[in-house]
Colleague: 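Let me begin by handing over the structure; questions about it come next.
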Amino acid sequence: MSRYNFKESEARWQAAWERAGCFRAHESEPAGEPGGASKPKYYVLEMFPYPSGRIHMGHVRNYTIGDVIARYKRARGFSVLHPMGWDAFGLPAENAAMERGVPPAEWTRKNIAAMRGQLKMMGLSIDWEREIATCDPSYYRHQQRLFLEFLEHDLVYRRESWVNWDPVDHTVLANEQVVEGKGWRSGAPIERRQLSQWFFKITEFSEDLLQALESLDRWPEKVRLMQKNWIGRSEGARVSFKIAGREAPLEVFTTRPDTLYGASFFAISPHHPLAAELTASDPGLQDFIAECDRLGTSEEAIETAEKKGHDTGLKVLHPFVKGQELPLYVANFVLMEYGTGAIFGCPAHDQRDLDFARKYDLGVLPVVLPPDADAQDFAVGDTAYVGDGSIYNSGFMNAMSVPDAKKAVIARLEAEGIGAGTVQYRLRDWGLSRQRYWGCPIPIIHCPSCGPVPIPKDDLPVLLPDDVSFDKPGNPLHHHPTWKTAACPSCGAAAERDTDTMDTFVDSSWYFARFCCPREEDKPLDQAMVDHWMPVDQYIGGIEHAILHLLYSRFFMRGLKRFGYTANDEPFAGLFTQGMVCHETYRGEGGGWLHPDDVDKRADGSAVHRDSGRQITVGRSEKMSKSKSNTVDPEQIIETYGADTARWFMLSDSPPERDMEWTAAGIEGAWRFTQRLWRLIGEAAPHLPPARAPTPANFSAQGGTLRRSTHKAIDSVTRDIEAFRFNRAVAQIYEFTNTVAAFQAKSGDDYWALREAFETLARLAAPMMPHLGEEMWRGLGRADMLVELPWPESDPALVIDESVTVAVQVNGKLRATIELPRDSGEEAAREQALADPAVQRLVEGKALRKVIVVKNRIVNVVV
RNA sequence: GCGGGCGUGGCGGAACCGGUAGACGCAACGGACUUAAAAUCCGUUGGGCGUAAGCCCGUGGGGGUUCGAGUCCCUCCGCCCGCACCA
């Protein structure tokens with residue numbers, strides 16, 4: 001028997017699908033009957049890749065999952081849109097330009113070509129005619145227009161904001177480029193600097209983005225929770241405090257106005273206007289602020305740093321306790337971006353305030369008494385009490401519950417005109433300006449007399465210049481000799497272009513809509529097309545995008561709706577977040593990382609170097625990454641084993657939402673299975689009745705059993721694909737294959753049942769192993785293409801068994817199993833369970849206390 | 001630090017709504033075929049005790065709810081993801 005030649009087969013079927021245009025998406029596709037309705041639409045989208053050069057296993061996993069869904073839905077009678085594009089702007093292209101002197105455009109184009117080829121090897125059911133790249137002017141010109149529309153609708157504005165500044169390279173750094181407070185290239189301690197930048201007003205939609213999460217019922221609960229916490233709605237109060245000897249009050253936002261009597265200090269952000277004012281007379285404060293700025297802009301860095309404060313010497317007057325004066329600090333953990341940039345500290349009921357109070361020896365007065373505590377001796381040690389309780393030490397609030405006290409104190413503050421109840425969101429506006437070259441230029445001209453002026457839409461696009469140099473650090477657009485000079489569109493005076501480009505998250509916030517009308521030239525989007533395909537029915541990507549990309553896209557969709565491009569609010573009706581691809585790590589004797597190709601694994605789990613035979617330490621499995629050298633190249637895998645094998649292994653074993661481990665043994669196992677399927681078909685085909693032979697009237701007992709397995713397999717694989725349990729679908733197919741392989745046909749009707757089984761096997765496996773599926777189908781003598789056939793239907797009569805195995809427990813421990821007719825009554829189950837010899841033995845001589853019967857499942861006898 | 005998640009045999013995992021823990025795959029071991037090997041096929045495989053029938057233990061640790069817990073609750077431990085300029 002010849003071996004399955006995947007190379008020949010995969011290329012042949014890919015060509016056949018392309019010739020037939022199988023994966024072209026059509027807005028109107030007849031469902032079948034002449035003059036009948038169109039097929040319903042289904043939009044499957046995987047997060048588009050960044051063209052880094054080669055696909056990695058994470059891509060293979062992502063696109064395999066999406067392709068299974070796309071192929072399955074197509075078989076289920078949907079008109080499917082399954083496009084592909086490139087998230088092509090971004091930092092790596094600039095890094096390549098700096099390190100290797102390759103222009104970003106050229107580097108990116110080459111990478112796209114290479115990765116397109118690799119993706120095509122995978123046999124994905126993609127409509128390649130809709131391919132887009134965000135770095136293409138035919139894409140970003142529309143994005144510039146959208147920017148202007150956001151601006152016209154008051155959803156973009158300009159203000160000062162903070163960036164990480166590398167004082168040696170004179171460059172703005174991304175948070176990822178700041179390593180332990182130092183620039184990654186220069187190693188110089190970074191500073192914070194203020195720049196004038198553009199912002200999307202996402203906070204205008206805070207409440208809507210929060211509320212609408214409820215409607216996203218096909219999103220993972222954890223992602224909705226993360227977004228909810230990110231938006232961070234909190235109810236509280238704004239309170240104005242008098243500062244001794246000063247006119248201007250200090251405004252504070254707090255979620256715990258009920259603990260006002262427990263206040264022992266106040267703190268403002270290092271970037272609070274008051275802090276800036278005080279530096280004039282306090283050189284120590286200036287040093288302190290400089291020290292805070294060295295932490296950079298990352299919230300993570302600020303929150304993990306040691307909490308420090310600088311006493312301003314100013315005193316804040318307590319509004320309710322006459323004569324009480326509290327110290328005012330500048331503290332490194334107070335964020336100017338949240339609330340008012342000023343807080344009051346109540347150490348007894350907030351852990352961070354407590355840590356701060358202990359450090360600076362400030363008072364800790366409890367004002368909330370835990371339900372089981374005694375007012376006389378309750379004290380706060382190292383742990384703040386944040387629970388509910390009854391208020392005490394608090395004047396008019398005494399004896400109230402925490403919620404009641406909040407209401408009472410807000411009423412009092414409002415009555416006295418020094419505060420008000422308010423809702424605060426943690427969500428901040430989205431800064432989109434980037435001081436970089438390889439991005440979408442911001443279509444604005446800065447005029448000395450008119451200020452920032454939008455470029456007229458007819459003059460778009462603002463093209464990126466090709467002739468840029470990366471010799472100098474900083475933004476090449478800024479250094480370009482001529483690019484930035486322009487005439488003011490308003491007054492005609494000599495002016496300068498905005499040399500910033502847009503955050504790449506802007507590119508990815510509307511690409512899914514552009515796929516609906518990728519060649520539209522006159523406008524960014526054609527509403528009829530967008531509303532035909534949108535929302536994306538199933539979006540698939542990594543969990544790392546759970547917040548920013550998805551939230552920004554939801555915001556953008558709301559903007560697009562406002563400008564009349566769509567009637568939808570939400571871009572993604574269904575979301576699936578897949579896990580990462582991991583691999584064991586290896587270290588040689590010197591401690592350096594070793595690539596799996598250099599490692600020989602022994603049967604006992606130890607490993608030696610392939611060439612030198614030296615001992616290798618096997619480390620734990622971690623996310624594949626170049627830095628740990630534990631990557632496996634998809635192209636090499638596909639060359640060696642074929643796309644179907646790679647896809648099959650990707651789907652086997654691990655549930656798709658969880659991290660999976662890539663192993664050499666696993667891919668070998670998948671490869672053996674493809675060979676086994678091929679062999680089984682080849683051996684059986686000559687004995688099978690012709691395709692489409694009529695169903696025999698009767699089947700032998702074993703033939704009937706085989707048919708039951710066949711129809712149960714249809715049922716369970718269907719259910720598993722619908723529920724994204726691909727690893728289970730794979731296991732069901734393995735199990736079914738074992739059944740089919742063990743079957744010994746004896747009669748004509750047995751052979752008919754066997755053909756049915758093999759045909760089903762090919763069809764169930766096809767979404768996961770599309771080439772082999774087609775090859776099996778042809779091997780069974782079918783001339784049509786599986787990709788064009790509907791999904792198999794199970795016969796309900798063959799799926800339900802007439803008898804069930806029921807477990808019998810005595811005192812909760814399994815002691816026997818009994819066979820019962822399906823849906824037997826409680827009495828019958830109880831009787832047969834008690835009659836079982838094993839049960840008899842254990843029950844003998846004891847009084848029956850209770851017998852619990854769960855239909856078709858279990859009988860528990862309690863003695 | 002804050003927010004979110006995960007933890008089951010030697011390994012990846014299965015177990016529906018609280019109802020027979022370990023399906024399926026990998027690895028390992030034994031056997032068949034072969035001059036031999038590969039491939040393939042058959043069988044065994046959570047741990048302990050027992051000749052056997054069978055019994056006991058077992059889902060990261062500890063505690064709880066329940067006739068019954070991998071699943072629910074409390075608590076501790078370990079690992080992973082995100083934290084707004086990586087994409």
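Letters go in sequence order (proteins before strands), and every chain restarts at 1.
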Colleague: Counting neighbours of CD on A/E99 that are heavy atoms of other residues, nucleotides or ligands and sit closer than 6.0 Å, is the number greater than 12?
Modeller: yes
Colleague: Is it the case that the base of B/C85 and the side chain of A/Q197 share a donor-acceptor contact (distance under 3.5 Å, atom types as modelled)?
Modeller: yes
Colleague: Just call it for A/F505: base, sugar-phosphate, or nothing, with non-hydrogen atoms closer than 4.0 Å on any strand.
Modeller: base
Colleague: When you check every protein heavy atom under 4.0 Å of nucleotides 37-55 of chain B, what one-letter string (B, S, -) results, 5' to 3'?
Modeller: ---SS-------------S
Colleague: Let me know the distance between CD of A/E735 and C1' of B/A23, rounded to the nearest Å.
Modeller: 6 Å
Colleague: May I ask you to decide if the ring planes of A/F200 and A/F556 are parallel, tilted or perpendicular, using 30° and 60° as cut-offs?
Modeller: perpendicular
Colleague: Rounding to a whole Å, what distance do you find between A/R857:CZ and B/G18:P?
Modeller: 11 Å
Colleague: For a quick test of your reading: what N or O donor-acceptor pairs under 3.5 Å do the side chains of residues 720-732 of chain A make, sequence neighbours left out?
Modeller:
residue, atom, partner, partner atom, Å
A/D720, OD1, A/R725, NE, 3.1
A/D720, OD1, A/R725, NH2, 3.1
A/D720, OD1, A/R728, NE, 3.2
A/D720, OD1, A/R728, NH2, 3.3
A/E722, OE2, A/Y72, OH, 2.6
A/N727, ND2, A/D653, O, 3.3

Colleague: For the side chain of A/N630 and the backbone of A/E622, is there at least one donor-acceptor N/O pair under 3.5 Å apart?
Modeller: yes
Colleague: Does B/A84 have OP1 or OP2 under 4.0 Å away from a side-chain N or O of A/R426?
Modeller: no
Colleague: Once you round it to whole Å, what is the distance between P of B/C80 and CE of A/M580?
Modeller: 9 Å
Colleague: Let me know the distance between CZ of A/F48 and C1' of B/A87, rounded to the nearest Å.
Modeller: 10 Å
Colleague: Taking the same atom, C1', in B/C11 and in B/C16, what whole-Å distance lies between them?
Modeller: 26 Å
Colleague: Taking the C1' atom in each of B/C55 and B/U66, what is the distance between them to the nearest angstrom?
Modeller: 25 Å
Colleague: Tell me, please, which residues at least two apart from A/L548 pass side-chain contact (heavy atoms from CB on, under 4.5 Å).
Modeller: A/W230, A/F505, A/Y552
Colleague: With P as the reference atom in both, quote the distance from B/C57 to B/A21 in angstrom, rounded to an integer.
Modeller: 13 Å
Colleague: Using a distance-only criterion (donor-acceptor N/O pair, under 3.5 Å, no hydrogens), is the base of B/C67 paired with the side chain of A/R849?
Modeller: no
Colleague: Looking across every strand, which nucleic acid part, if any, lies under 4.0 Å from A/A546 by heavy atom: base, sugar-phosphate, or nothing?
Modeller: nothing
Colleague: Using a cut-off of less than 4.0 Å, is there contact between a side-chain N or O of A/R434 and OP1 or OP2 of B/C85?
Modeller: yes
Colleague: Taking B/G60 as the reference, what is the distance to B/C49 when you measure between their P atoms (whole Å, please)?
Modeller: 24 Å
Colleague: Could you tell me whether A/E160 atom CD has more than 12 heavy atoms of other residues or ligands within 6.0 Å of it?
Modeller: yes
Colleague: Using the test ring-ring contact (aromatic ring centres under 6.0 Å, His included), find all partners of A/F649 that sit at least two apart in sequence or belong to another chain.
Modeller: A/W662
Colleague: Of the nucleotides B/U20, B/G25, B/C86, which has the atom closest to the A/A807 side chain?
Modeller: B/U20
Colleague: Under the ring-ring contact (aromatic ring centres under 6.0 Å, His included) rule, collect the residues that match up with A/Y140, sequence neighbours excluded.
Modeller: A/F89
Colleague: OP1, OP2 of B/C83 versus side-chain N and O of A/N175: anything below 4.0 Å?
Modeller: no
Colleague: Once you round it to whole Å, what is the distance between C1' of B/A15 and CZ of A/R728?
Modeller: 8 Å
Colleague: How about A/K359: does its NZ atom have over 12 heavy atoms from other parts shown lying under 6.0 Å from it?
Modeller: yes
Colleague: Measure from the side chain of A/E176, starting at C-beta and using heavy atoms only, and say which of B/G13, B/C83, B/C86 lies closest.
Modeller: B/C86
Colleague: Would you indicate what A/I852 reaches in the nucleic acid, counting non-hydrogen atoms under 4.0 angstrom: base, sugar-phosphate, or nothing?
Modeller: base
Colleague: More than 12 non-hydrogen atoms from neighbouring residues, nucleotides or ligands closer than 6.0 Å to CZ on A/R358, yes or no?
Modeller: yes
Colleague: Take the protein atom NE2 of A/H545 and the nucleotide atom P of B/G82, then report the distance between them rounded to whole Å.
Modeller: 9 Å
Colleague: Measure centre to centre between the rings of A/Y139 and A/W86, then say whether the value is under 6.0 Å.
Modeller: no
Colleague: Atom CZ of A/F555 and atom P of B/A84: how far apart are they, to the nearest Å?
Modeller: 19 Å
Colleague: Do A/D836 and A/Q832 pair up side chain to side chain, a donor and an acceptor below 3.5 Å, judged on atom types alone?
Modeller: no
Colleague: Could you write out each protein N or O paired with an N or O of nucleotides 3-11 of chain B at a distance under 3.5 Å?
Modeller:
residue, atom, partner, partner atom, Å
B/G3, O3', A/N229, ND2, 2.9
B/G3, O2', A/N229, ND2, 3.0

Colleague: Answer yes or no: side-chain N or O of A/E303 and base N or O of B/C83 forming a donor-acceptor pair under 3.5 Å.
Modeller: no
Colleague: Going by the salt bridge (Lys or Arg N to Asp or Glu O under 4.0 Å) test, which pairs reach into residues 426-440 of chain A, not counting sequence neighbours?
Modeller: A/E299-A/R426, A/E299-A/R428, A/R434-A/D503
Colleague: Could you pick out which residue, A/N738 or A/I547, lies toward the 5' side of RNA chain B when each is mapped onto its nearest nucleotide?
Modeller: A/N738
Colleague: Test for a donor-acceptor pair under 3.5 Å between the base of B/C83 and the side chain of A/E299, counting only N and O atoms.
Modeller: no
Colleague: On a whole-Å scale, what distance lies between the C1' atoms belonging to B/A53 and B/C42?
Modeller: 28 Å
Colleague: Looking at A/K712 and A/D801, is there a salt bridge between them, counting it only when a charged N and a carboxylate O are closer than 4.0 Å?
Modeller: yes
Colleague: Considering only nitrogen or oxygen atoms on both sides, find all protein atoms under 3.5 Å from nucleotides 68-72 of chain B and state each distance.
Modeller:
none

Colleague: Does RNA chain B take part in any stems of at least 3 consecutive Watson-Crick or G-U pairs (both distances under 3.5 Å), and if so, which ones?
Modeller: B:1-7 with B:77-83, B:10-12 with B:24-26, B:28-32 with B:40-44, B:46-49 with B:54-57, B:60-64 with B:72-76
Colleague: Please state the C1' separation for the pair B/U8 and B/G4 - nearest whole angstrom.
Modeller: 23 Å
Colleague: For A/Q732 and A/R428, find the nucleotide of RNA chain B closest to each by heavy atoms; which residue's nucleotide sits nearer the 5' end?
Modeller: A/Q732
Colleague: Let me check something: any side-chain donor-acceptor pairs from residues 663-673 of chain A under 3.5 Å, sequence neighbours excluded? List them with distances.
Modeller:
residue, atom, partner, partner atom, Å
A/T663, OG1, A/G666, N, 2.9
A/E668, OE2, A/Y641, OH, 2.9

Colleague: Could you work out the separation of B/U45 and B/G25 based on their C1' atoms and round it to a whole Å?
Modeller: 14 Å
Colleague: Can you tell me if A/N164 and A/T297 form a side-chain donor-acceptor pair at under 3.5 Å?
Modeller: yes
Colleague: Within the structure shown, what part of the strands sits under 4.0 Å from A/P49 by heavy-atom distance: base, sugar-phosphate, or nothing?
Modeller: nothing
Colleague: In whole Å, measure the gap between the C1' atoms of B/C17 and B/C77 for me.
Modeller: 30 Å
Colleague: Quick one: closest heavy-atom pair of A/P104 and A/Y437, and the distance?
Modeller: CG-CE2, 3.7 Å
Colleague: Grab the two heavy atoms, one from A/N811 and one from A/V862, that are nearest each other, plus how far apart they are.
Modeller: OD1-CA, 3.3 Å
Colleague: Can you tabulate the close N/O pairs, meaning under 3.5 Å, that link protein atoms to atoms of nucleotides 76-79 of chain B?
Modeller:
residue, atom, partner, partner atom, Å
B/C79, O3', A/R620, NH1, 3.2

Colleague: Who are the ring-ring contact (aromatic ring centres under 6.0 Å, His included) partners of A/H549, not counting sequence neighbours?
Modeller: A/Y539, A/H545
